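Counting starts at 1 for both ligands and their atoms, in listed order. Note that this is a predicted model, so its numbers are computed, not measured.
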Amino acid sequence: MPLDDFEADATELLETYDFLMKFIIIGEAGTGKSCLLHQFTHNSFKDHSQHTIGVEFSSRTVKLGEKRIKLQLWDTAGQERFRSVTRSYYRGAAGAILVYDITNRDSFANLSRWLSDARALASPHLVTVLVGNKSDREEDREVEWAEASRWAAENDVHFLETSSLTGDNVEAPFLLAARSILLAIESGALDPDKAGSGVSYGDRALRRVNSSSRLSFGSLSGRPRKPNTVALKIKRWIPGTRCC
Ligand SMILES: Nc1nc2c(ncn2[C@@H]2O[C@H](COP(=O)(O)OP(=O)(O)OP(=O)(O)O)[C@@H](O)[C@H]2O)c(=O)[nH]1
């Protein structure tokens, strides 16, 4: 294959996706949200992490089965003084990664407040994963795994522990949330076409429609999309002539 073709293919693979999902990362200041996200997006520990000011954005595309999912990741500041700003980013989130620090009991005690805020403001189908971070500091543990697991079950959220320092389990919360959201789409509980769902169809899905005149999501969605939502007409206008 000529090098140019190969590069075009590689670029296309990197940039195309089936679904775009909005995620928020929330929880008390200092629990390791930014470091968790940095491990997930850069595969390394973020040295000398500073408090987040307001909100920071990053993204990563993951593969679940045949589906490519682009995750839009909004890392929010945990400090109280930014709360009104950060809350405004909850709107339309499909997934929430709710982080506490296993060595800090206060960060666990405040979880209910974070969760109720997120549920009030994000997508009605919000999928939440509770993350107990800093699992590498076992000797300083203040929150037992069993207690957190119980809280998660009572509040209907997924749960796992991670270490942003060692990288242990850092991909799991994001993949778990994305998978739950995909299942909700498949079951018909979540409609990506609906405003505020926190999910939208990606360019890969659209391109497949353009090339085959029908959408193929395999088992993910049996419902065909309206053709007029994907047809894009571009008319060329030459200066000096009448347009259209
Ligand atoms: N040992 C250990 N330290 C961690 C881990 N994750 C983060 N830290 C440390 O915890 C501190 C806070 O990390 P951040 O990622 O900045 O915390 P944050 O939740 O984003 O804080 P805000 O932006 O203020 O909300 C930093 O000193 C990190 O080095 C971890 O998994 N293990």
Q) For atom 10 (O) of ligand 1, what's the nearest protein heavy atom and its distance? A) Lys134 NZ, 3.0 Å
List ligand 1 atoms under 4.0 Å from [X], heavy atoms only on the residue side.
X	answer
Ser163	31 (O)
Gly78	22 (P), 25 (O)
Ser49	14 (P), 15 (O), 16 (O)
Asn133	5 (C), 6 (N), 31 (O)
Arg137	1 (N)
Cys35	6 (N), 7 (C), 13 (O), 15 (O), 28 (C)
Lys33	15 (O), 17 (O), 18 (P), 19 (O), 20 (O), 21 (O), 22 (P), 25 (O)
Thr52	22 (P), 23 (O), 24 (O)

(Q) Please state which option from Gly54, Gly30, Ala29 has its nearest heavy atom closest to atom 12 (C) of ligand 1. (A) Gly30
**Q.** Electrostatic pair Arg150:Glu147 at N-O distance under 4.0 angstrom
**A.** no
Q.
Tell me whether Asp101 is salt-bridged to Lys134, with the criterion being a basic N under 4.0 Å from an acidic carboxylate O.
A. yes
Q: Give the other cluster members for Trp145, using side-chain heavy-atom distances under 4.5 Å between Ile, Leu, Val, Met, Phe, Trp and Tyr residues; answer none if it is isolated.
A: Ile24, Ile26, Val55, Phe57, Trp74, Val85, Tyr89, Tyr90, Leu98, Tyr100, Ile102, Phe108, Leu111, Trp114, Leu115, Leu121, Leu130, Val143, Trp151, Val157, Phe159
Q | Residues clustering with Phe45 (ILVMFWY side chains joined when closer than 4.5 Å, directly or via others) | A | Leu165
Q: Search all heavy atoms of Asp156 against all heavy atoms of Arg119 and return the closest pair with its distance.
A: O-NH2, 3.4 Å
**Q.** His125 side, atom NE2; Asp191 side, atom CG - distance, nearest 0.5 Å
**A.** 9.0 Å
(Q) I need the contact type for Asp136 against ligand 1. Using non-hydrogen atoms and a strict under-4.0 Å cut-off, is it side chain, backbone, both or neither? (A) side chain
